[in-house]
Each structure stands twice: as C-alpha cells, then as structure tokens.
Amino acid sequence: MKVDLAFAVALFSMASLSFAEEAQGVKITRIGTQPTVKAPSENFTGTARIDSRFMGTSPARVGGATVTFEPGARTAWHTHPLGQTLIVTAGVGLVQHWNGPIQEIKQGDIVWIPPGVKHWHGAVPTTAMAHIAIAESLDGKAVDWMEKVSDIQYGGQSK
C-alpha cells in the first residue's frame, strides 16, 4: 500500500509540475492594460478606435485587435497577404471587395477575406460597429494600405 501511495503522490507531483510549466507559457493581456488608440486617419475615414491589440510570438504570426467604428467610419482599401478574419461583435457594418457588392454584416457574423483581395470594412451611416480583426503576417507584414474609400464608393450601399 505504501508503494502504491508513494507512486500516486509522485505521479500527481509530476503532473502538477507539468501543468505549472505549461501555465507559465500562457500569456494573458488583461483588459484595461493597453490604452485605446485612435485609428490613424491615413488608413481610416471617420472615427474608429483600436483596442486589445495582440501579436503572437514567433513562430506564430497571427495578430489582431478589436476595432470599433463610429457611424459612417470605415477603413481605406487594403489587402492582407495571408487573408483576414473579421468577427463582428456589435452593431451593423459593411464590407466590400474591389468591384464587388457592398454587403451588410451584423453582430455574430464572421467574415473571411482571402489573401490579396482588395477590400474595406466599416460601420453603416447610422449605427456603430465593432469587430475583432485577425490576420497573419508574411515576412513581417500583415496589411498593405491603399487609397481611401471615397464618399461616392461608400454611398453606393443599398439602404
């Protein structure tokens, strides 16, 4: 019985040590520890805020942030070398790829933009929209910014 108990204690200790070592590798970024950043005007029209930025450490290459768009705010045209995923967390927004239709997106929708596809996204004119944007970097670059979406392009949406 003593041998079985000692063996069980040794196994539990090893399992606990293994769990503790794995837990040390987990990174938690606590809410409120990063300042909200105003989205740069050279890449956005209107007011947008960027929160909860994250970037994986090598060999991971995923990164992203939560972006909140005030009504009418939007990104400039841009592409991502390995594509982008948007997870709409609040409100109503719009997304369009070059020469494609403007599509409405709502809370709970998940949008996949394939690699190299020129696109923009933002809020509808009357309602704010927030999404989590996730993209991978290729050779250290996750996005290629282009010209701004004109008011005429943005206004082409269906009402």
Side-chain angles (χ1 to χ4, degrees), residues 11-98 100 102-149 153-154 157:
L11 280 178
F12 178 78
S13 296
M14 288 172 33
S16 296
L17 178 60
S18 175
F19 176 75
E21 288 171 354
E22 288 177 14
Q24 290 174 358
V26 173
K27 179 182 177 186
I28 299 172
T29 304
R30 302 286 178 194
I31 189 74
T33 60
Q34 296 178 336
T36 296
V37 177
K38 186 175 190 276
S41 61
E42 59 270 14
N43 301 326
F44 290 78
T45 298
T47 302
R49 298 179 310 280
I50 302 171
D51 288 289
S52 306
R53 295 184 120 161
F54 65 91
M55 186 67 208
T57 54
S58 185
R61 53 189 183 183
V62 68
T66 299
V67 184
T68 304
F69 299 84
E70 291 301 316
R74 57 197 179 267
T75 67
W77 290 101
H78 61 286
T79 63
H80 300 276
L82 296 175
Q84 181 181 45
T85 300
L86 305 174
I87 303 168
V88 183
T89 59
V92 181
L94 302 169
V95 63
Q96 180 184 27
H97 65 85
W98 189 254
I102 295 173
Q103 298 180 69
E104 188 175 271
I105 54 178
K106 295 181 179 179
Q107 181 178 354
D109 290 347
I110 299 171
V111 180
W112 165 246
I113 298 116
V117 171
K118 185 175 179 178
H119 70 284
W120 66 269
H121 36 97
V124 296
T126 58
T127 305
M129 186 268 294
H131 63 49
I132 298 169
I134 304 167
E136 290 183 277
S137 294
L138 181 63
D139 300 324
K141 193 169 196 176
V143 61
D144 287 306
W145 290 105
M146 300 168 184
E147 73 275 11
K148 287 191 172 190
V149 174
Q153 290 169 320
Y154 178 77
Q157 65 169 320

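Since the model is a prediction, treat every value here as computed from it, not as a measurement. For the single chain, residues carry numbers from 1 onward in sequence order.
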- Message: Run Leu94 and Trp120 through side-chain contact (heavy atoms from CB on, under 4.5 Å) and show every step you take.
- Response: CA-CA 8 Å; Leu94 302 169; Trp120 66 269; 3.8 Å; yes
- How far apart are the closest heavy atoms of Ala135 and Gly83, and which atoms are they? CB-O, 3.6 Å
- Task: Among Val88, Ile110, Thr89, find the one that has a side-chain contact (heavy atoms from CB on, under 4.5 Å) with Ile132.
- Result: Thr89
- Message: Tell me the closest heavy-atom pair linking Pro115 and Leu82, and the distance in Å.
- Response: CG-C, 3.6 Å
- Task: Using side-chain hydrogen bond (donor to acceptor under 3.5 Å, both in side chains) as the criterion, list what pairs up with Gln107, not counting sequence neighbours.
- Result: none
- Message: Which residue is it: Met146, Gln84, His97? I am looking for the one with a side-chain contact (heavy atoms from CB on, under 4.5 Å) to Thr79.
- Response: Met146
- Kindly indicate, with the supporting measurements, whether the criterion side-chain contact (heavy atoms from CB on, under 4.5 Å) is fulfilled by His78 and His119. CA-CA 6 Å; His78 61 286; His119 70 284; 3.1 Å; yes
- Item | Pairs where residues 31-41 contributes a residue and the test salt bridge (Lys or Arg N to Asp or Glu O under 4.0 Å) is met, not counting sequence neighbours | none
- Message: I need the single residue from Thr66, Thr36, Thr68 that forms a side-chain hydrogen bond (donor to acceptor under 3.5 Å, both in side chains) with Asp51. Which is it?
- Response: Thr36
- Query: Should the ring pair Trp98 and Trp77 be called parallel, tilted or perpendicular, given that the plane angle runs from 0 to 90° and is split at 30 and 60?
  - Reply: perpendicular
- Arg74 to Phe69 six-membered ring, cation-pi geometry met (6.0 Å, 45°): no
- Note on the structure: On a heavy-atom basis, the closest approach of Ala142 and Pro81 is O-CD, 3.3 Å
- Task: Using a strict cut-off of less than 4.0 Å between a Lys/Arg side-chain nitrogen and an Asp/Glu carboxylate oxygen, indicate whether Arg49 and Glu70 qualify as a salt bridge.
- Result: yes
- Backbone of Lys106 reached by a side-chain donor or acceptor of Asp109 within 3.5 Å: yes
- Query: For Ala133 and Leu86, which heavy atoms make the closest approach, and how far apart are they?
  - Reply: CB-CD2, 3.8 Å
- Message: Quick test of your reading: applying side-chain hydrogen bond (donor to acceptor under 3.5 Å, both in side chains), list the pairs with at least one residue in residues 124-145, sequence neighbours left out, ordered by first then second residue.
- Response: Arg61-Glu136, His121-His131, Lys141-Asp144
- Query: Is any side-chain heavy atom of Phe54 less than 4.5 Å from a side-chain heavy atom of Ile134?
  - Reply: yes
- Decide yes or no on side-chain contact (heavy atoms from CB on, under 4.5 Å) for Thr85 and Val111, but give the supporting numbers first. CA-CA 6 Å; Thr85 300; Val111 180; over 6 Å; no
- Query: Taking all non-hydrogen atoms of both residues, which atom of Gln153 and which atom of Val149 are closest, and how far apart?
  - Reply: OE1-CA, 3.4 Å
- Query: Between Asn43 and Thr75, is a side-chain contact (heavy atoms from CB on, under 4.5 Å) present by the stated rule, with each step listed?
  - Reply: CA-CA 6 Å; Asn43 301 326; Thr75 67; over 6 Å; no
- Message: Can you tell me how far apart CE (Met55) and OG1 (Thr57) are? Round to the nearest 0.5 Å.
- Response: 9.0 Å
- Short question: side chain of Gln34, backbone of Arg53 - any donor-acceptor pair under 3.5 Å? yes
- Considering all heavy atoms of both residues, which atom of Tyr154 and which atom of Pro125 are nearest to each other, and what is their separation? OH-N, 3.1 Å
